[in-house]
Amino acid sequence: MDDTEALVSIGAFARRVGLTPSALRFYDDCGVLRPARVDPATGYRYYAPDQEPRAVLVRRLREAGLPLVDASVVLDGSPEEARAVLARHARRTRATAAAAQAAIDDILRDLSGDAGRGEARVGGAELAGAVRQVAPSAACGAVREEFPVLGCVLVELTGQEVRLVATDRYRLAVRVLRPTAVTGGPRDALVDVATMKEVASWAVRLPEVGIEIDGRGVRVHGGGDQRDIPAADGTFPSYRVILDDLPAARHRLIVDRDALRRVLADEGPVILCTDERHGLVVRHGTAETALRAVRTGPPLRIAFDPDVLLPAVEASVR
């Protein structure tokens, strides 16, 4: 039997794999999917059944928007190379989608005649605590001089949440607050971190404050008083892309905050170890302090510089 009897025409193969004949001709020209045989007299292309999985994968990659050069790596590269290419494309896709969504939200707000105003109400102590938690991650010194936007706190009203975000390129802090009421559309603004700290010191005494954002800046009001905060210029880093790429947490420790602060006040490197009996053991040199803690995940042993860890714990204190 002639081997060509098992081959199918380009039209039949296209129907089987969900591609068009013109797409198959294009992939042949690009060297991505060569036909099994080309008739030398007519130029007709014929494909073998065992080419179907590759053709389907080509179709799926293109449906995902993967550039052809990257698709070739997935098709013919090592599994490690394929995973790296797909991970990069996923990050680009998320960033593009987020930018498109933000642009659409802005257009919808303009069409609604809302003038781009959003407002949410949260507890004053909650807002102050959130500021204290994220502010230490804002940039200072030379980094802030070079990148002024990193010396700011990003305040976001997403419709369901109030988010405060700060980063100095090495640390990233995100605090999410659940508002008691929300009006208007999603908005965001950059606020100088020092100004945000001043607002937090004022708001901590109030049972509830309103956070209003429009094109001019941020207004925080409550108790018959109001604080107007001008918005800073610049574009904040796409922190959501970073969060999306973070692996799931393998360890979680819930420990008494004051007890941990007292232990970390001692000088010198500190090692945190999980312990089946107590939950957490903090080691300073040869000294050990056992703290009761709720622990999940495998055993843990990690070294910290108290000058780095203690400010993070202090920042969580309201």
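Throughout, residue positions are numbered sequentially from 1 according to the sequence presented. Keep in mind it's a predicted model, so treat the numbers as computed, not measured.
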Checking side-chain contact (heavy atoms from CB on, under 4.5 Å) for the pair Val209/Val199: CA distance, chi angles, key distance, verdict?
CA-CA 11 Å; Val209 295; Val199 172; over 6 Å; no

Heavy-atom side-chain contact between Cys273 and Arg301 under 4.5 Å
yes

N/O donor-acceptor pair under 3.5 Å between Ser137 side chain and Ala166 backbone
no

Rounded to the nearest 0.5 Å, how far apart are CD of Glu212 and CG of Asp228?
9.0 Å

Check: Val165 and Leu172 side chains under 4.5 Å, non-hydrogen atoms:
yes

Stepwise side-chain contact (heavy atoms from CB on, under 4.5 Å) check, Ile229 with Asp192:
CA-CA 9 Å; Ile229 312 171; Asp192 178 77; over 6 Å; no

Is Val155 reachable from Val182 through a run of hydrophobic residues whose side-chain heavy atoms are each under 4.5 Å from the next?
no

Salt-bridge criterion met for Asp70 and Arg92 (N-O under 4.0 Å):
yes

Would you say Arg15 has more than 12 foreign heavy atoms packed within less than 6.0 Å of its CZ?
no

Donor-acceptor check, side chain of Gln51 to backbone of Ala48, threshold 3.5 angstrom: yes or no?
yes

Does any part of the side chain of Tyr46, heavy atoms only, come nearer than 4.5 Å to the side chain of Pro35, both counted from C-beta?
no

Just wondering, are more than 12 heavy atoms of other shown residues or ligands nearer than 6.0 Å to CD in Glu288?
yes

Can we say Asp214 and Arg219 salt-bridge, meaning some charged N sits less than 4.0 Å from an Asp/Glu carboxylate O?
yes

Measuring from atom CD of Gln160 to atom CZ of Arg178, what distance do you get when rounded to the nearest 0.5 angstrom?
8.0 Å

Residue pair Leu291 / Thr289, side-chain heavy-atom distance below 4.5 Å
yes

Under a 4.5 Å side-chain heavy-atom rule over Ile, Leu, Val, Met, Phe, Trp and Tyr, are Val56 and Tyr47 clustered together?
yes

Is it true that a side-chain atom of Arg59 and a backbone atom of Val17 form a donor plus acceptor pair closer than 3.5 Å?
yes

Would you say Asp233 has more than 12 foreign heavy atoms packed within less than 6.0 Å of its CG?
no

Heavy atoms of Val162 and Ala120 approach each other most closely as CG2-CB, 3.7 Å

Atom CZ of Arg60 with >12 non-hydrogen neighbours under 6.0 angstrom:
no

Side-chain contact, heavy-atom cut-off 4.5 Å: Val218 with Ile213?
yes

Which pair of non-hydrogen atoms, one from Tyr27 and one from Arg62, has the smallest distance, and what is that distance?
OH-CG, 3.2 Å

If you compare all heavy atoms of Arg37 against all heavy atoms of Pro40, which two are closest, and at what distance to 0.1 Å?
NH2-CD, 4.2 Å

Side chains of Arg169 and Phe147: closer than 4.5 Å at any heavy-atom pair?
yes

Locate the shortest heavy-atom distance separating Leu24 from Leu19; write the atom from each residue and the value.
CD2-CD1, 3.8 Å

Just how far is it from atom CZ of Arg83 to atom CZ of Arg88, taken to the nearest 0.5 Å?
13.0 Å

When you measure from the side chain of Arg54 to the backbone N and O of Asp50, does any donor-acceptor pair fall under 3.5 Å?
no

Correct closest heavy-atom pair for Ala138 and Arg171 would be O-NH2, 4.3 Å

Between atom CZ of Arg227 and atom CE of Met196, what is the distance when rounded to the nearest 0.5 Å?
12.5 Å

May I ask you to test the Val149-Leu154 pair for a side-chain heavy-atom distance under 4.5 Å?
no

Grouping I, L, V, M, F, W and Y whenever their side-chain heavy atoms are under 4.5 Å apart, do Leu280 and Ile302 come out in a common cluster?
yes

Are any non-hydrogen side-chain atoms of Ser22 and Arg25 less than 4.5 angstrom apart?
yes

Could you give the distance from CZ (Arg45) to CG (Asp39), rounded to the nearest 0.5 Å?
12.0 Å

Exactly one of Val74, Val32, Leu68, Leu66 should register a side-chain contact (heavy atoms from CB on, under 4.5 Å) with Val58. Which one does?
Val32

Please walk me through it: do Leu150 and Asp168 pass side-chain contact (heavy atoms from CB on, under 4.5 Å)?
CA-CA 6 Å; Leu150 299 184; Asp168 60 0; 5.5 Å; no

Count I, L, V, M, F, W, Y as connected when their side-chain heavy atoms are under 4.5 Å apart, and connections chain through other members. Are Leu75 and Leu33 then in the same cluster?
yes

What distance do Arg132 atom CZ and Leu164 atom CG have between them, rounded to the nearest 0.5 Å?
12.5 Å

Apply side-chain contact (heavy atoms from CB on, under 4.5 Å) to His221 and Arg121, showing your working.
CA-CA 9 Å; His221 54 84; Arg121 301 195 66 82; 3.5 Å; yes

For Gly77 and Glu81, which heavy atoms make the closest approach, and how far apart are they?
CA-OE1, 3.3 Å

